[in-house]
Chemist: 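Here's a structure for you.
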Amino acid sequence: MSTSCQKMTHLFLLKDMPGHLAYLRDRLTTLDSRPALEPLYIGLFGSSGAGKSTLLNTILNKRFFLPVSGTRTCTSCQVHVSVCRSKHYEAKIFLLSDEDWKEEVRNLVTLLENRRENSEIDVDLEHAIKVLTAIYGEGADEKSYEDLMRTKPVITIPPSRVITLRSTEAEHLANELDPYIRNQDGLEGVESAGNSQCSEQMRLWPLIKQVQVTLPPSDLVPEGVVFVDIPGTGDANKKRNEMWKESILQCTSVWIVADVERVFGAAAHEIMVQEAIKACQVGKCSDITFVITKMDKIDVDEYLRSHPEASRDVSKRDAILGMKQDLKARMTRKLRERMQRNLPSDAEVLQKQELVFPVSAKEYWDRIDLRREDTEIIGLRAHIRRLYLDTKRSQLQDYMKEILAVFSLVDVYHSTHLSPNPSVNKDELDLFMSEKIQTLKKAIEVTFGHMDVPLISGVKSARTKYKRNIEEIFKKGETSSGFHRTLKAVCVREGVYVSRVFNRIDINNCLAEPIYAEIGVMFANIFRNQALTRTSLQTSINEFSEEIKDKLKDFGMVTNMDMSKLNFLKQEIDIIMRAIDREILLKKKAIYESLEWTIQTILLPCYKEAANIRGKDTCARIKATLMQNIELEVRKAMFEKAKERMMSQFQDLTEQITSKLSKDFLSMLGIAFCQNDQLMNALPDFQGECQEIQNLLSTL
């Protein structure tokens with residue numbers, strides 16, 4: 001089919017085509033260059049040391065492929081892992097750009113300022129020192145930003161900012177890859193090892209932005225599934241933190257991975273669950289899965305304490321299986337309750353039966369107390385395959401329909417050549433479609449208008465709660481004499497900083513959160529694609545599409561339109577509407593994030609002022625500056641401006657939808673009713689290919 005598309009593209013390009021046929025040429029070129037099946041991203045999202053890499057290794061059936069450790073965090077960057085049609089194991093290590101690295105150095109130097117004003121050395125400070133030392137050598141943390149920019153790095157940085165590793169053996173690539181992705185916060189023992197190449201690899205960790213690993217084909221994991229190992233709850237580096245947020249929204253499935261000993265009560269899990277729910281509201285996510293790792297840690301005594309009714313001679317296996325059932329039930333209930341507060345009650349993710357998987361990767365390999373089927377690793381693989389098949393079936397159907405539309409147009413030209421229809425005046429169709437697009441515009445405006453009430457309520461709530469919410473952030477550092485450094489880092493990074501001591505601090509989101517709490521359900525309802533309601537955008541779009549198709553059917557009967565032309569029009573309408581769906585998916589993220597973005601933009605001068613505070617009582621003065629400026633901006637209608645910005649984004653989307661429909665329908669009608677037959681002799685007969693594709697579609 002790809003060969004046919006190429007051949008057709010070349011034929012069209014060889015001719016002096018009328019302007020309206022350039023649309024068809026572009027369609028062919030796009031189809032030929034675009035992959036039929038886009039990757040399915042599954043994000044493994046969890047705290048440091050939760051066992052994400054161990055879990056991923058086990059799913060891939062490669063026990064020690066990615067670096068693992070039972071005592072500390074191992075993965076220092078985001079890692080993408082997939083299988084492909086290659087005999088080699090390959091890894092590409094992408095480094096931060098020169099511009100991004102300079103910004104990071106400037107931020108680290110700011111964090112290190114005035115560090116001797118108190119004796120407390122926290123983890124964030126130690127990390128900053130290690131980052132600069134790794135790249136610039138001993139004493140780098142004592143230098144100014146300008147001095148560091150003049151200092152030659154002690155390691156070799158490839159000009160391409162990409163390092164490629166390749167091997168025919170998994171173990172060999174794993175050994176080569178280990179120094180790049182294993183967390184190297186401490187470089188103790190590197191120099192004494194006497195291996196300068198290893199030392200350089202281990203020193204590169206602060207520069208690594210992302211690692212992409214591909215494995216040869218596997219019977220266990222389908223090609224096209226990309227696992228994204230997402231460390232922690234963000235990254236102190238601004239660029240990696242942006243990637244952290246983008247990756248979550250890109251995922252079709254988000255797995256929240258938690259150690260069995262920290263499954264309840266961990267503050268980080270709340271952040272992860274909220275981000276996963278946001279991915280359902282704003283991104284591509286349709287599946288949230290909670291994976292409880294290290295179930296083999298459960299012992300008999302612990303089980304008996306929580307189950308006094310159990311037999312005293314219960315086996316280790318029975319204890320683990322009993323705790324698995326308890327944890328599964330409790331966590332499923334908690335996760336459902338959390339999602340129901342933010343998503344419509346009939347949201348796709350809430351209809352799934354399997355939300356929680358308690359697993360043991362160790363027992364999968366060792367099989368001391370559990371059988372492999374008891375570890376739920378096999379169940380997770382089946383879960384992946386179901387997601388894959390559902391997603392790929394939908395993608396393949398869409399892609400095939402686009403190809404069929406091209407073949408249908410070829411059929412139109414052949415039919416016109418063999419039995420020309422009388423010239424048809426399409427003015428009636430032009431007028432009808434223009435009127436229906438305007439009707440759709442009004443319907444969309446009504447749909448988006450439903451956001452006004454929850455936004456007003458959210459603004460009111462935000463005005464009431466902003467002081468308390470900001471004070472909650474300030475309370476995090478009440479017992480830390482070095483909290484001023486963290487606050488300064490927050491301000492330098494425009495309100496967002498991921499601290500190793502205080503976790504994720506996001507003032508912009510903190511201020512916007514009461515508004516998000518009010519609009520969440522309505523926002524998700526408007527943009528839902530299943531179980532549609534009258535307030536769903538997709539309802540109006542579907543009604544519009546059906547009315548257009550009905551009109552074309554009636555018009556075809558009245559004008560005795562050729563069936564091949566009518567089929568082309570119907571298929572083209574579906575393609576145009578799917579393109580609209582993709583536009584909406586991209587735009588809704590910008591709409592949702594506009595609240596935080598507006599607040600951040602308004603507070604930028606405030607952050608800059610607070611970041612420049614130095615000297616005595618720095619922490620108190622930064623807090624006072626932040627609070628005073630936030631209070632001032634609230635009085636100057638900061639939250640109201642955020643609301644108006646979001647409503648403006650909704651209006652932009654309305655215009656974007658209707659403008660695109662007007663343009664695409666005009667092009668569609670121009671092509672369908674073209675009387676030009678100059679290409680007829682050049683086009684081959686694609687009847688066989690059309691029938692083949694139709695047969696394939698009928699089996700899906």
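Throughout, numbering of the chain's residues begins at 1 and tracks the sequence. Because only heavy atoms are used, hydrogens play no part in the values below, and waters and symmetry mates are left out as well, while side chains stay in. On a predicted model such as this, the values are computed, not experimentally measured, just so you know.
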Chemist: Using modelled atom types only, decide if a donor and an acceptor are shared between the side chain of Ser594 and the backbone of Ile591 within a distance under 3.5 Å.
Modeler: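 Indeed, once roles are kept as given, a pair shorter than 3.5 Å links the two residues.
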Chemist: So do the side chains of Lys442 and Val446 get within less than 4.5 Å of each other, counting heavy atoms only?
Modeler: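 Contact flag for Lys442/Val446 side chains = no.
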Chemist: Spell out, as yes or no, whether a donor-acceptor pair under 3.5 Å connects the side chain of Ser218 to the backbone of Leu220.
Modeler: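 Side chain of Ser218 to backbone of Leu220, a donor-acceptor pair under 3.5 Å: yes, one is there.
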Chemist: From Arg330 CZ over to Asp326 CG, what is the distance, rounded to the nearest 0.5 angstrom?
Modeler: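 Interatomic distance, Arg330 CZ to Asp326 CG, rounded to 0.5 Å: 7.5 Å.
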Chemist: Side chain to side chain donor-acceptor pair (under 3.5 Å), that's the test. Do Arg504 and Asn241 meet it? Break it down for me.
Modeler: CA-CA 10 Å; Arg504 187 176 187 85; Asn241 189 58; 2.9 Å; yes
Chemist: Looking at Asp390, is its backbone amide N or carbonyl O close enough to the side chain of Ser394 to form a donor-acceptor pair, meaning the two atoms are under 3.5 Å apart?
Modeler: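 No; zero donor-acceptor contacts below 3.5 Å.
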Chemist: With a 4.5 Å heavy-atom cut-off, do Ile384 and Ile59 have their side chains touching?
Modeler: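 Sidechains of Ile59 and Ile384: in contact.
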Chemist: Would a distance-only check, ignoring hydrogens and angles, find a side-chain to backbone donor-acceptor pair under 3.5 Å from Thr293 to Ala258?
Modeler: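 Side chain of Thr293 to backbone of Ala258, a donor-acceptor pair under 3.5 Å: yes, one is there.
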Chemist: Please confirm whether the backbone N or O of Phe650 pairs with a side-chain atom of Thr654, one donor and one acceptor, at under 3.5 Å?
Modeler: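 Indeed, once roles are kept as given, a pair shorter than 3.5 Å links the two residues.
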Chemist: Backbone N or O of Phe357 within a donor-acceptor pair of the His383 side chain at under 3.5 Å?
Modeler: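 Side chain of His383 to backbone of Phe357: no pair is present.
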Chemist: Do other residues, nucleotides or ligands put more than 12 heavy atoms under 6.0 Å from the CZ atom of Arg578?
Modeler: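 More than 12 heavy atoms, drawn from other residues, nucleotides or ligands, come within 6.0 Å of this atom.
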Chemist: I'd like to know whether Tyr516 forms a ring pair (Phe, Tyr, Trp, His ring centres under 6.0 Å) with Tyr592, so could you lay out the CA-CA distance, the side-chain angles of the two residues, the decisive distance to 0.1 Å, and finally the verdict.
Modeler: CA-CA 9 Å; Tyr516 283 129; Tyr592 190 85; 4.4 Å; yes
Chemist: Does Ser286 have any side-chain hydrogen bond (donor to acceptor under 3.5 Å, both in side chains) partners at least two apart in sequence or in another chain, and if so, which?
Modeler: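 In terms of side-chain hydrogen bond (donor to acceptor under 3.5 Å, both in side chains), with neighbours along the sequence ignored, Ser286 is linked to no residue.
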Chemist: Measuring only between side-chain heavy atoms, which start at C-beta, is Asp652 closer than 4.5 Å to Lys587?
Modeler: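 Counting from C-beta outward, Asp652 and Lys587 do come under 4.5 Å.
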Chemist: How long is the gap from OG on Ser662 to CD1 on Ile437, to the nearest 0.5 Å?
Modeler: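 Between atom OG of Ser662 and atom CD1 of Ile437 there are 3.5 Å.
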Chemist: The criterion is ring pair (Phe, Tyr, Trp, His ring centres under 6.0 Å); which residues satisfy it with Phe94, sequence neighbours excluded?
Modeler: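 With neighbours one apart ignored, the set is empty.
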Chemist: With no hydrogens and no angle check, is any side-chain donor or acceptor of Arg645 less than 3.5 Å from a backbone partner on Leu595?
Modeler: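 Here the side-chain-to-backbone pair does not exist.
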Chemist: Taking salt bridge (charged side-chain N to carboxylate O under 4.0 Å, His left out) as the cut-off, I'd like each qualifying pair that reaches into residues 271-289, sequence neighbours left out, listed once.
Modeler: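 Salt bridge (charged side-chain N to carboxylate O under 4.0 Å, His left out) check on residues 271-289 returns Lys278-Glu593, Lys278-Glu596.
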Chemist: Can you sort out the partners of Glu640 under side-chain hydrogen bond (donor to acceptor under 3.5 Å, both in side chains), two or more places apart, ordered by chain and number?
Modeler: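 Testing Glu640 for side-chain hydrogen bond (donor to acceptor under 3.5 Å, both in side chains), a comparison that skips the adjacent residues, returns Arg463.
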Chemist: Among residues at least two apart in sequence or on other chains, which ones pass side-chain hydrogen bond (donor to acceptor under 3.5 Å, both in side chains) with Glu546?
Modeler: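 Applying side-chain hydrogen bond (donor to acceptor under 3.5 Å, both in side chains) to Glu546 gives none.
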Chemist: Taking only residues two or more places apart in sequence, or in another chain, which ones meet Lys328 in a salt bridge (charged side-chain N to carboxylate O under 4.0 Å, His left out)?
Modeler: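 Result, salt bridge (charged side-chain N to carboxylate O under 4.0 Å, His left out) vs Lys328: Glu354, Glu376.
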Chemist: Does Lys441 reach the main-chain N or O of Thr658 with its side chain, forming a donor-acceptor pair under 3.5 Å?
Modeler: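 Flag not set: sc Lys441 to bb Thr658 has no pair under 3.5 Å.
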Chemist: Output every pair passing salt bridge (charged side-chain N to carboxylate O under 4.0 Å, His left out) with a member in residues 513-541, not counting sequence neighbours, ordered by first then second residue.
Modeler: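 For residues 513-541: Asp346-Arg528, Arg534-Glu543.
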Chemist: Does any non-hydrogen side-chain atom of Leu669 lie less than 4.5 Å from one of Asp430?
Modeler: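 They are in side-chain contact.
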Chemist: Would you say the side chains of Thr533 and Ser536 form a donor-acceptor pair under 3.5 Å?
Modeler: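 Yes - a donor-acceptor pair under 3.5 Å links their side chains.
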Chemist: Decide side chain to side chain donor-acceptor pair (under 3.5 Å) for Gln649 and Gln651; before the verdict, give the C-alpha distance in whole Å, the side-chain angles of both, and the deciding distance to 0.1 Å.
Modeler: CA-CA 5 Å; Gln649 292 277 302; Gln651 185 59 39; over 6 Å; no
Chemist: In chain order, what residues pass the salt bridge (charged side-chain N to carboxylate O under 4.0 Å, His left out) check against Asp259, with sequence neighbours excluded?
Modeler: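 Salt bridge (charged side-chain N to carboxylate O under 4.0 Å, His left out) check on Asp259 returns Lys294, Lys297.
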Chemist: Do the non-hydrogen side-chain atoms of Phe665 and Leu429 ever get within less than 4.5 Å of each other?
Modeler: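 They are not in contact (no side-chain heavy atoms under 4.5 Å apart), so the answer is no.
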Chemist: Cut-off 3.5 Å, side chains only: do Gln274 and Glu270 have a donor facing an acceptor?
Modeler: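 Looking only at side-chain atoms, Glu270 and Gln274 do not form any donor-acceptor pair under 3.5 Å.
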Chemist: Hey, could you give me each pair passing ring-ring contact (aromatic ring centres under 6.0 Å, His included) that has a residue in residues 325-351? Not counting sequence neighbours.
Modeler: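 Matches after skipping sequence neighbours: none remain.
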Chemist: Is there a side-chain contact between Ile473 and Cys510 (heavy atoms, below 4.5 Å)?
Modeler: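 A side-chain contact exists here, since the closest heavy-atom pair is under 4.5 Å.
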Chemist: Among all residues two or more places apart in sequence or in another chain, which pass the ring pair (Phe, Tyr, Trp, His ring centres under 6.0 Å) test with Tyr466?
Modeler: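 For Tyr466, no residue satisfies ring pair (Phe, Tyr, Trp, His ring centres under 6.0 Å) once neighbours in sequence are set aside.
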Chemist: Using ring pair (Phe, Tyr, Trp, His ring centres under 6.0 Å) as the criterion, list what pairs up with Phe227, not counting sequence neighbours.
Modeler: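 None.
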Chemist: Just by distance, do the side chain of Ser545 and the backbone of Ile541 share a donor-acceptor pair under 3.5 Å?
Modeler: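 Side chain of Ser545 to backbone of Ile541: no pair is present.
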Chemist: For residues Phe544 and Thr439, determine if any side-chain heavy atom of one lies less than 4.5 Å from a side-chain heavy atom of the other.
Modeler: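 Sidechains of Thr439 and Phe544: no contact.
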Chemist: Nearest 0.5 angstrom please: Met331 CE to Arg333 CZ, how far?
Modeler: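 One gets 10.5 Å once the value is rounded to the nearest 0.5 Å.
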Chemist: Ser457 side chain to Val453 main-chain N or O, any donor-acceptor pair under 3.5 Å?
Modeler: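 Side chain of Ser457 to backbone of Val453, a donor-acceptor pair under 3.5 Å: no, none is there.
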Chemist: If the condition is side-chain hydrogen bond (donor to acceptor under 3.5 Å, both in side chains), which residues does Glu445 pass it with, not counting sequence neighbours?
Modeler: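 Glu445: no side-chain hydrogen bond (donor to acceptor under 3.5 Å, both in side chains) contacts found.
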Chemist: Roughly how far apart are Glu494 CD and Ile507 CD1, rounded to 0.5 Å?
Modeler: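 Going from the CD atom of Glu494 to the CD1 atom of Ile507 covers 12.0 Å.
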Chemist: Do Ile599 and Phe639 have side chains that get closer than 4.5 Å, going by heavy atoms?
Modeler: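 Of all side-chain heavy-atom pairs linking Phe639 with Ile599, at least one is under 4.5 Å.
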